[in-house]
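Below is one structure, written out as structure tokens, with a few remarks after it.
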Amino acid sequence: MTKDDSNSLMRDWRILVLIAALIFSAISIYLLPPAFDKGIQGNVQLGLDLEGGSWIQLEYKAELVTFETTGSVDELLLGISDDLDTEVSLIETNVVEIRKPFTREELEPVFAQYGATITSYEIGVGPETAETVKRILEEKINRLGTRDAKVNTLTTFGGASRYIRIELAGVDMITAQEIVGQQGKFDIRIQTTGDETEHVLYGDAITSVGNPAQNPIGSSNWGVPFTISDEGAQALREAAIRTGATDRPMDHELMMLLDDEIVYSAPLSSDLATRLKGEEVRNLVASTGVGEEALNRAMILEIHLRAGALPVDVTIAGSGSVSAALGEHFKTMSVIAGIIALLTVGIVVYYRYREPNIVIPMLLINTSEIIILLGIARYFIQLDLASIAGLIAVLGTSIDQLVVITDEVLHEGKVPSPNVYLKRLARALGIIIVAASTMIIAMLPLAIMDLSSLRGFAIITILGVLIGVVITRPAYGKIIMGILSR
């Protein structure tokens with residue numbers, strides 16, 4: 001390859017895209033933020049298997065009950081809630097979620113009392129409650145500064161979520177249990193004058209928190225409904241009157257603080273100020289505004305209002321830990337496995353072609369693909385043993401597709417004319433795209449479902465396939481043409 005050929009190759013858009021992706025990945029791994037002190041790992045997040053740490057699996061103390069009735073469903077729900085002294089939510093036409101542990105035998109006479117018959121019973125909660133619990137745990141873990149953590153809901157075949165699993169890399173079991181069980185200090189204060197505020201009530205005065213909803217119903221204004229105790233309602237009314245908020249509500253903001261950090265602040269509404277003049281108000285709504293961003297703020301505020309308290313009780317159904325030494329051993333063995341896989345691929349390819357000018361570009365493209373994959377994956381996924389298996393699978397898939405390109409474009413050991421070469425390259429890339437599409441479709445269910453480590457395997461595999469099709473395969477086609485046309 002002449003100097004002019006090399007310059008032409010380096011100016012090709014496919015090569016430039018590959019170089020840009022490599023630079024982006026190197027910066028992501030080692031410079032955003034600077035992580036040279038972490039060695040080869042850089043900013044790549046390692047999971048429980050490789051970092052050591054603890055996992056806790058929680059079981060919901062609730063059940064989903066399917067029923068049949070000829071009477072009023074509203075009366076049934078109200079009666080069951082009163083009799084069982086717990087929250088009862090209708091999540092489907094004839095399915096209720098009971099947020100307290102009861103056996104089927106205990107529930108049947110209660111349902112029968114209101115003319116209903118239980119047709120199925122399953123321990124767990126519905127999708128909405130499971131998602132709320134997941135968001136609360138994730139927010140709590142993030143707020144406490146625990147970076148390398150995963151929260152996965154485990155769904156049964158019947159659709160109920162019975163368990164939720166929390167993995168905390170680099171955290172011992174005692175600390176893990178404290179994080180999961182800890183509630184923050186929630187404080188509601190009212191503005192007096194200037195920047196001065198006055199304490200009104202603490203989080204224990206909040207008796208229930210609803211899901212984000214449009215208030216009033218049908219409007220575009222989002223908010224989070226919550227209820228406070230009688231004592232809390234009295235304290236709020238007295239503080240609003242004493243500070244003058246009932247007369248000048250726009251001059252007195254109601255502030256919510258979680259662990260001394262402001263998470264919500266807004267003036268009293270004129271309607272609330274008027275009502276507080278004449279009575280104590282227990283049912284409140286914290287408005288967050290209009291639009292998608294307001295909905296997101298409402299979802300976060302719901303978590304803050306709960307101060308880390310889950311909407312349903314849970315019990316520890318299982319727990320375990322991986323020692324730091326064992327995690328380090330797994331990490332070392334994973335690196336060795338990757339190196340062996342790369343060397344094995346090189347030996348097999350060399351045995352096939354007996355040409356270093358083919359083998360070396362293949363291995364370099366293979367290595368660059370892994371670097372780009374790690375640079376992208378580090379932003380949203382932890383690497384565990386299953387993810388490492390996905391990386392090795394990507395290595396194998398990558399070299400297989402590079403062989404397809406090489407065999408397709410070679411004719412009697414030489415590169416054909418440019419026109420014929422481009423046709424053969426296009427045909428090879430077509431085969432690769434079809435194979436990649438099949439792989440993505442096969443992996444997509446695992447990537448979408450919360451199946452713990454299997455999800456990481458699927459995501460890494462899909463990312464590797466996409467990077468290959470979009471970046472490395474086109475670049476390799478250009479490189480191999482330049483090398484073999486000498």
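For clarity, every value in this text was computed on a predicted model and none was experimentally measured. The residues of the chain are indexed from 1 along the displayed sequence.
By the 6.0 Å and 45° rule, Arg165 stacks over the aromatic ring of Trp55.
Side-chain contact between Val133 and Tyr60 is present, with heavy atoms from C-beta onward closer than 4.5 Å. When side chains are defined from C-beta on, Asn221 counts as touching Ser287, because their heavy atoms get closer than 4.5 Å.
Using cut-offs of 30° and 60° for the angle between ring planes, the Tyr379 and Phe24 rings count as parallel.
Among all heavy-atom pairs drawn from Leu391 and Leu383, the shortest one is CD1-CD1, 4.4 Å. Here the closest non-hydrogen pair linking Tyr121 and Thr103 is OH-CA, 3.6 Å. Nearest heavy-atom pair, Pro212 versus Leu295, reported as atom, atom and distance to 0.1 Å: CB-CD1, 4.2 Å. Shown here for Ala458 and Leu446, the closest heavy-atom pair between the two residues is CB-CB, 3.6 Å. Residues Leu18 and Ser368 come closest through the heavy atom pair CD1-OG, 4.0 Å. When all heavy atoms of Arg378 and Asn43 are compared, the pair lying nearest together is CD-O, 3.6 Å.
The 12-atom threshold is not exceeded at CE of Met439, counting heavy atoms of other residues, nucleotides or ligands nearer than 6.0 Å. Within a 6.0 Å sphere centred on CD of Glu75, other residues, nucleotides and ligands contribute 12 heavy atoms or fewer.
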Item to complete: Take Arg189 and Thr197 through the test side chain to side chain donor-acceptor pair (under 3.5 Å) and record every step on the way to the result.
Response: CA-CA 6 Å; Arg189 306 182 68 84; Thr197 62; 2.9 Å; yes
Item to complete: Give the C-alpha distance, both sets of side-chain angles, the deciding distance and a yes or no for side chain to side chain donor-acceptor pair (under 3.5 Å) between Glu253 and Ser265.
Response: CA-CA 6 Å; Glu253 295 201 354; Ser265 181; 2.3 Å; yes
Item to complete: Could you walk me through whether Glu302 and Asn211 pass side-chain contact (heavy atoms from CB on, under 4.5 Å), step by step?
Response: CA-CA 7 Å; Glu302 176 200 354; Asn211 296 323; 3.4 Å; yes
Item to complete: Verify side-chain contact (heavy atoms from CB on, under 4.5 Å) between Glu92 and Leu64, making sure each step is shown before the conclusion.
Response: CA-CA 10 Å; Glu92 290 182 22; Leu64 294 179; over 6 Å; no
Item to complete: With side-chain contact (heavy atoms from CB on, under 4.5 Å) as the test, would you mind laying out the steps for Leu284 and Leu236 before giving the verdict?
Response: CA-CA 11 Å; Leu284 304 170; Leu236 175 62; 3.8 Å; yes
Worksheet entry | side chain to side chain donor-acceptor pair (under 3.5 Å) assessment of Asp384 paired with Ser387 | CA-CA 5 Å; Asp384 51 19; Ser387 300; 2.9 Å; yes
Practice prompt. Show the numbers, then the answer: is there a side-chain contact (heavy atoms from CB on, under 4.5 Å) between Glu369 and Leu373?
Written response: CA-CA 6 Å; Glu369 192 168 315; Leu373 177 54; 5.7 Å; no
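A salt bridge is defined here as a Lys NZ or Arg NE, NH1 or NH2 lying under 4.0 Å from an Asp or Glu carboxylate O, and Arg282 with Glu280 fails to meet this definition.
With rounding to the nearest 0.5 angstrom, the CD1 atom of Ile471 is 5.0 Å from the CD1 atom of Ile372. Separating the CD1 atom in Ile376 from the CD1 atom in Ile467 is a distance of 4.0 Å, to the nearest 0.5 Å. Separation of atoms OG1 (Thr69) and CD1 (Ile118) is listed at 11.5 Å; rounding is to 0.5 Å. Note: Ser120 OG to Glu63 CD = 12.0 Å, rounded to the nearest 0.5 Å. Between atom CG of residue Asn296 and atom CH2 of residue Trp222 there is a gap of 10.0 Å, rounded to the nearest 0.5 Å. The line from CD1 of Ile370 to CG of Leu395 is 4.0 Å long, rounded to the nearest 0.5 Å.
In terms of modelled atom types and a separation under 3.5 Å, the side chain of Arg99 and the main chain of Ala62 share no donor-acceptor contact.
Residues Thr119 and Glu68 have side chains that never bring a donor and an acceptor to within less than 3.5 angstrom of each other. No hydrogens or angles considered: a donor-acceptor pair under 3.5 Å links the side chains of Thr129 and Glu97. Looking only at atom types and distance, the side chain of Asn94 has no donor-acceptor partner in the side chain of Thr66 under 3.5 Å away.
With Ser398 as reference, Asn366 is the one residue of Thr367, Asn366, Thr472 to meet the side chain to side chain donor-acceptor pair (under 3.5 Å) rule.
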